[in-house]
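So the structure is just underneath, and the comments pick up after that.
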Amino acid sequence: MESYDHSKIEEKWKDKWFEDNVYEAIDFSDKPKKYILAEFPYPSGKALHVGHAMRYTVPDVYSRFLRMNGYNVMFPMGWDAFGLPAENYAIKTGGHPSKINTDIIPHYKDCMMRMGYGVDWNREINTTDPNYYKWTQWLFLKFFEQGLAQYKETPVWWCEKLKTVLADEEVLNDKDGNKISERDGNPVEKKMLKQWVLKIPQYAEKLLRGLKDLDFPEAIKIAQTNWIGKSEGAEIDFEIEGEKVSIFTTRPDTIYGITFMGIAPENPLITKIFEHIKNKDAVSEYINKSKNKSDLEKQMLKEKTGVELKGITAKCLLIGREVPIYVADYVLMDYGTGVVMAVPAHDERDFSFAKKYGIEIIKVIEGNDKKTDLYIGEGIMINSDKYNGMKSEDFKLKIVEDLEREGVGKKAVSYKIRDWVFSRQRYWGEPFPLLHLEDGSVVAICDTNNPKQVKEMLPVTLPDVPDYSPTSDGSSPLDKNKEWVNIEFKGRKAKRETDTMPNWAGSCWYYLRYCDPKNDETFADMEKLKYWLPVDKYFGGAEHTTMHLLYSRFWHKFLYDQKLVPTEEPYQWRLNGGLLLGADGRKMSKSYGNTVEPMEYVDQYGADSTRMSICFLGPYEDTYPWNTNSIKAVRKLISNVYQMKNKITNDPASKEITKAYNLMLKNATSMIEALKMNTCISEFMIFINILKKETKINKEIYKGFIKAFAPFAPFASEDIWQEINGYRKWKKENSVHLQQWPKFDINVLEEDTVLIPVQINGRVKAEIEITRDADENGAKKTALNNEKIKGLIGDKKLLSVIYVKNRIINLLL
RNA sequence: GGGCGAGUGGUGGAAUGGCAUACACGCGACACUUAAAAUGUCGUCAGCUUCGGCUGAUGAGGGUUCGACUCCCUCCUCGCCCACCA
């Protein structure tokens with residue numbers, strides 16, 4: 001018997017599909033469209049790793065399924081090739097970062113082809129291609145023109161090891177509370193630097209409201225909501241030495257409990273009032289000390305510190321009270337106004353500070369538990385002048401009205417989300433299309449609405465530099481190429497911006513470019529965007545929930561407001577993939593020696609087996625260890641299927657086989673729709689276990705199965721399909737992957753009778769056969785006639801019967 | 001400290017209010033074989049059993065229900081995310 005030889009089969013079909021572009025996505029096709037997107041890789045290692053295989057296999061199976069169900073499917077792929085991975089690769093191996101495009105990407109692409117991913121490679125994109133980043137620059141200029149990109153002195157996270165700034169989202173805490181970089185876990189510190197920022201907070205409200213209508217898992221919506229961090233409250237005005245100072249609070253109802261004011265050490269307000277302070281030295285010393293204090297120290301010293309600004313007070317303009325002022329580093333500069341009204345009786349942080357420095361504590365809300373000194377909840381107002389006795393919820397609204405009427409405060413909303421630091425002092429990124437003029441102003445290199453200028457000035461190509469490695473003084477490597485930096489612009493001397501954009505820039509809009517990847521006139525044609533958008537299903541990694549996924553929603557919403565894209569949201573539906581752990585249950589890592597190289601499995605067992613094995617392990621969104629054994633199981637399945645082709649006949653199939661076939665198809669169809677690929681494969685196994693016992697297999701049933709099998713095992717299925725149909729010469733339209741998904745006959749599955757369990761007092765005691773859709777009386781009669789049930793009931797009295805049609809009957813005694 | 005999620009055989013998992021443990025892996029016995037591999041057949045949650053079955057079990061405890069892995073409450077453990085956000 002001809003045995004299953006995966007390498008021969010896979011070699012045979014791989015190129016044929018791509019030569020004829022079997023997986024072509026056709027613009028404006030009459031068929032309904034489906035845009036299936038999986039996050040494109042940033043190539044780093046030498047070959048496609050198993051994390052990629054995890055991420056792409058299920059979306060590929062799904063998009064193949066949709067194609068066979070009559071959809072015009074786009075499943076595109078590209079390369080997110082700017083950024084640190086490419087630079088680090090170059091530093092390690094010597095040579096230029098651009099060699100990632102020649103050394104690594106072709107290999108990645110070959111790996112993907114060998115894995116059988118049904119990609120329309122005519123739409124391939126690469127973020128480092130000047131024809132691509134020309135439009136990244138153009139889109140950035142749109143933000144600049146609208147005032148949403150700003151060059152400003154900002155407290156930023158600086159990573160000494162990487163020699164660059166990082167965005168808030170790229171900084172994590174390690175186990176000991178140290179701030180580290182998200183990428184490689186290098187230490188980071190706060191620094192004040194002039195940086196380009198994108199004003200994402202201006203879109204906070206839209207980003208928040210947009211979530212409502214998206215088919216995202218609740219966990220992602222919650223994570224984004226928390227990241228945006230909307231708080232409603234009030235701004236309340238104070239006066240210090242003639243300076244008006246506003247604070248933000250979510251608890252204006254506690255205003256009569258204020259006993260001091262807290263100011264962040266970095267707050268420029270301190271300079272303004274500094275001359276009035278009596279203890280200037282102590283204050284300066286504290287500010288300097290806290291500047292050098294690492295976040296680790298602040299975390300470790302759970303106790304809060306601060307220094308009173310002696311000789312001055314803050315006067316609340318509404319209630320007229322004057323309170324002492326403390327500079328304290330538990331007050332954050334970059335939230336609210338960098339100043340707080342401290343109410344120790346009703347805030348934990350203020351409470352512990354007040355206790356330490358012996359500051360008065362005034363309770364203004366009484367809850368049920370009257371004994372506690374610190375009370376966070378709601379209750380009845382006390383010690384609050386004419387408002388005593390009011391409910392705090394009501395007073396909260398009333399006080400804001402009063403503030404607004406008196407003109408000493410207002411209703412206010414605050415967001416945790418900060419300006420997005422958008423520049424990096426690294427070489428391998430998109431150059432900013434901006435110029436610094438001698439008078440200190442910054443201008444765009446062209447007007448985005450002037451096609452002639454755009455054509456002439458964009459892209460600003462990344463120049464060669466003598467040394468692209470990061471510098472120790474924080475200047476950009478591009479600074480070293482003076483010929484490039486110094487430019488004459490409209491007859492004036494100018495210097496180019498030498499920072500580059502972060503890795504995220506290219507990925508913020510790549511899904512738009514797939515719709516029209518070769519357009520030279522604009523980033524993507526509006527009509528094509530109208531056809532393809534929004535992305536119907538977006539698969540990716542959980543690590544991007546508050547980064548890429550939020551950033552690109554921001555870009556998209558902005559572009560929508562500029563009337564450049566037709567939809568309000570980029571992605572209608574999202575699923576985060578789980579992690580694949582090493583076989584030992586630990587995170588895959590070279591240092592543990594538990595990494596899995598998918599290409600080794602492709603060599604040894606074949607791509608079909610590798611694909612199915614990944615699907616069979618478990619649900620897409622779960623995290624679980626790699627299991628070497630499952631690949632043998634699925635290979636056996638494929639091999640069984642392959643060998644069955646020698647048993648096909650035109651003889652009609654038995655009733656049992658016909659039923660099993662239709663049941664398998666019904667279940668497989670709904671399971672793929674629900675993306676439950678693991679249980680779908682179980683259905684295949686159940687069916688094949690039955691079928692392999694037969695000596696003859698009906699041809700139509702076998703053909704139907706092969707079509708259902710094709711999304712999972714595209715190579716073996718194509719090989720079998722071509723052979724059993726007797727196709728001598730390859731023709732694209734005869735590919736199994738362009739056939740109609742097999743239909744099942746529901747009538748075959750619906751027997752006249754059904755088997756249901758009989759329970760006595762909720763415990764299963766017997767099984768009976770009753771007519772389908774029988775009524776309760778019929779079912780009860782059959783159950784009571786059952787010998788075993790009869791014996792168990794004996795002379796006990798039947799109290800009641802619970803009957804669920806075609807499911808169960810429960811007799812209560 | 002806060003948020004989210006998960007806990008089911010030796011292992012990956014299935015069942016999301018109706019026969020818990022599907023489908024696999026592993027393991028055991030047997031068959032084929034000089035032998036092994038491969039393949040096939042049977043068995044495989046635990047305890048008891050007169051071999052017909054009976055009983056218990058889905059992290060622990062409680063609740064709702066005729067009926068709970070599934071819904072609710074309390075607790076424990078693990079994972080992920082966030083963390084002085086006024």
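Lettering of chains follows the sequences in order, A, B, ..., and the numbering in each one begins at 1. Owing to the predicted nature of the structure, the values given are computational and were not obtained by experimental measurement.
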Can you give me the dot-bracket string for RNA chain B, 5' to 3', counting Watson-Crick and G-U wobble pairs with both distances under 3.5 Å, using [ ] for crossing pairs and | for partners on another strand? (((((((..(((.....[..[.)))((((((.......))))))((((....))))].(((((..]....))))))))))))....
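If you take atom C1' in U16(B) and the same atom in G5(B), they sit 16 Å apart, rounded to whole Å. Remark: the separation of the C1' atoms in G18(B) and U11(B) is 29 Å, to the nearest Å. Taking the C1' atom of each, C48(B) and G67(B) are spaced 26 Å apart, rounded to whole Å. Look at the P atom in both C27(B) and U65(B): the space between them is 48 Å, to the nearest Å. If you take atom C1' in G12(B) and the same atom in U49(B), they sit 33 Å apart, rounded to whole Å. Remark: the separation of the P atoms in A24(B) and A14(B) is 15 Å, to the nearest Å. Atom name C1', nucleotides G53(B) and A38(B): the rounded distance is 39 Å, in whole Å. Taking atom C1' on both G79(B) and U39(B), the two are 41 Å apart, rounded to the nearest angstrom.
Closest contact between the side chain of K765(A) and the listed nucleotides G12(B), U55(B), C23(B) involves U55(B). For M685(A), the listed nucleotide lying nearest its side chain is C23(B); candidates were G12(B), C23(B), C4(B). Comparing C4(B), C66(B), A14(B) by their nearest atom to the side chain of P619(A) picks out A14(B).
Salt bridge K647(A)/E694(A): absent, no basic N to carboxylate O contact under 4.0 Å. A salt bridge is absent between E235(A) and K244(A): the closest approach of a Lys/Arg side-chain nitrogen to an acidic carboxylate oxygen does not fall below 4.0 angstrom.
Relative orientation of the Y642(A) and Y4(A) rings is tilted, given thresholds of 30° and 60° on the angle between their planes. Using bins of under 30°, 30° to 60° and over 60° for the plane-to-plane angle, the ring pair F687(A)/Y661(A) lands in the tilted bin. In this structure, F684(A) and F705(A) have perpendicular ring planes: the angle between them is above 60°, well past the 30° mark.
Side-chain atoms of S613(A) and S630(A) form a donor-acceptor pair, as typed in the model, at a separation below 3.5 Å. In summary, the side chains of S7(A) and D5(A) do present a donor paired with an acceptor at a separation below 3.5 Å, with no hydrogens or angles considered. For D775(A) and Y803(A), the side-chain atoms include no donor-acceptor pair closer than 3.5 Å.
In this structure, L663(A) atom CG and C23(B) atom P are separated by 13 Å, rounded to whole Å. Separating the NZ atom of K221(A) from the C1' atom of G5(B) is a distance of 17 Å, rounded to the nearest angstrom. The distance between atom CG of N267(A) and atom C1' of A86(B), rounded to the nearest whole Å, is 14 Å. Across the protein-nucleic acid pair, I376(A) atom CD1 and C84(B) atom P stand 17 Å apart, rounded to whole Å. Taking atom CG of residue D253(A) and atom P of nucleotide A86(B), one finds them 13 Å apart after rounding to whole Å. The distance between atom CD1 of I614(A) and atom C1' of G13(B), rounded to the nearest whole Å, is 17 Å. We find that CD1 of I220(A) is positioned 13 Å from C1' of C80(B), with the value rounded to whole Å. Remark: P of U39(B) and CG of N689(A) are 13 Å apart, rounded to the nearest angstrom.
Residue contacts shown for V343(A) are absent, as no nucleic acid heavy atom lies under 4.0 Å away. Residue contacts shown for D622(A) are absent, as no nucleic acid heavy atom lies under 4.0 Å away. No engagement by K230(A) is indicated, since no non-hydrogen atom pair under 4.0 Å with the nucleic acid exists. Using a 4.0 Å heavy-atom cutoff across all strands shown, S231(A) reaches sugar-phosphate atoms only and no base atom. Residue contacts for F616(A): at a heavy-atom cut-off of 4.0 Å it reaches a base atom on one of the strands shown. Using a 4.0 Å heavy-atom distance criterion, A223(A) is classed as making no nucleic acid contact. At the heavy-atom level, Y330(A) lies under 4.0 Å from base atoms of the strands shown. Residue I222(A) is classed as a sugar-phosphate contact, given heavy-atom separations below 4.0 Å to backbone atoms only. Using a 4.0 Å heavy-atom cutoff across all strands shown, D350(A) reaches no nucleic acid atom at all.
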Kindly determine whether E39(A) and H548(A) satisfy side-chain hydrogen bond (donor to acceptor under 3.5 Å, both in side chains), including the steps that lead there. CA-CA 10 Å; E39(A) 284 170 358; H548(A) 161 69; 4.6 Å; no
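A residue-by-residue look at T623(A) and G229(A) shows that T623(A) has its nearest nucleotide of RNA chain B further toward the 5' end. Between V331(A) and N640(A), it is N640(A) whose nearest contact on RNA chain B lies nearer the 5' terminus.
In this entry the base of G43(B) is anti relative to its sugar, with a glycosidic angle more than 90° from 0. For G52(B), the base is syn relative to its sugar; the glycosidic angle is within 90° of 0.
Exactly one residue among E308(A), K304(A), M261(A) makes a side-chain contact (heavy atoms from CB on, under 4.5 Å) with Y326(A). That residue is E308(A).
Within the 4.0 Å cut-off from OP1 or OP2 of G12(B), not a single side-chain nitrogen or oxygen of Y624(A) is found.
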Reading nucleotides 15-20 of chain B from the 5' end, what letters show protein touch, with B for base, S for backbone sugar-phosphate only, - for no heavy atom under 4.0 Å? S--BB-
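Among all heavy-atom pairs drawn from S246(A) and V339(A), the shortest one is O-CB, 4.2 Å.
Annotation: cation-pi pair K199(A)/Y203(A) absent, no NZ/CZ under 6.0 Å from the ring centroid and within 45° of its normal.
Put simply, CE on M677(A) and SG on C680(A) are 7.5 Å apart, with the number rounded to the nearest 0.5 Å.
Sparse packing is recorded around NZ of K410(A), with 12 or fewer heavy atoms of other residues, nucleotides or ligands lying under 6.0 Å away.
Taking the six-membered ring wherever Trp is involved, the centroid distance between the rings of F353(A) and F260(A) falls below 6.0 Å.
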Pairwise N/O distances under 3.5 Å, protein to nucleotides 25-32 of chain B:
{"residue": "C25(B)", "atom": "O2'", "partner": "N629(A)", "partner atom": "ND2", "Å": "2.4"}

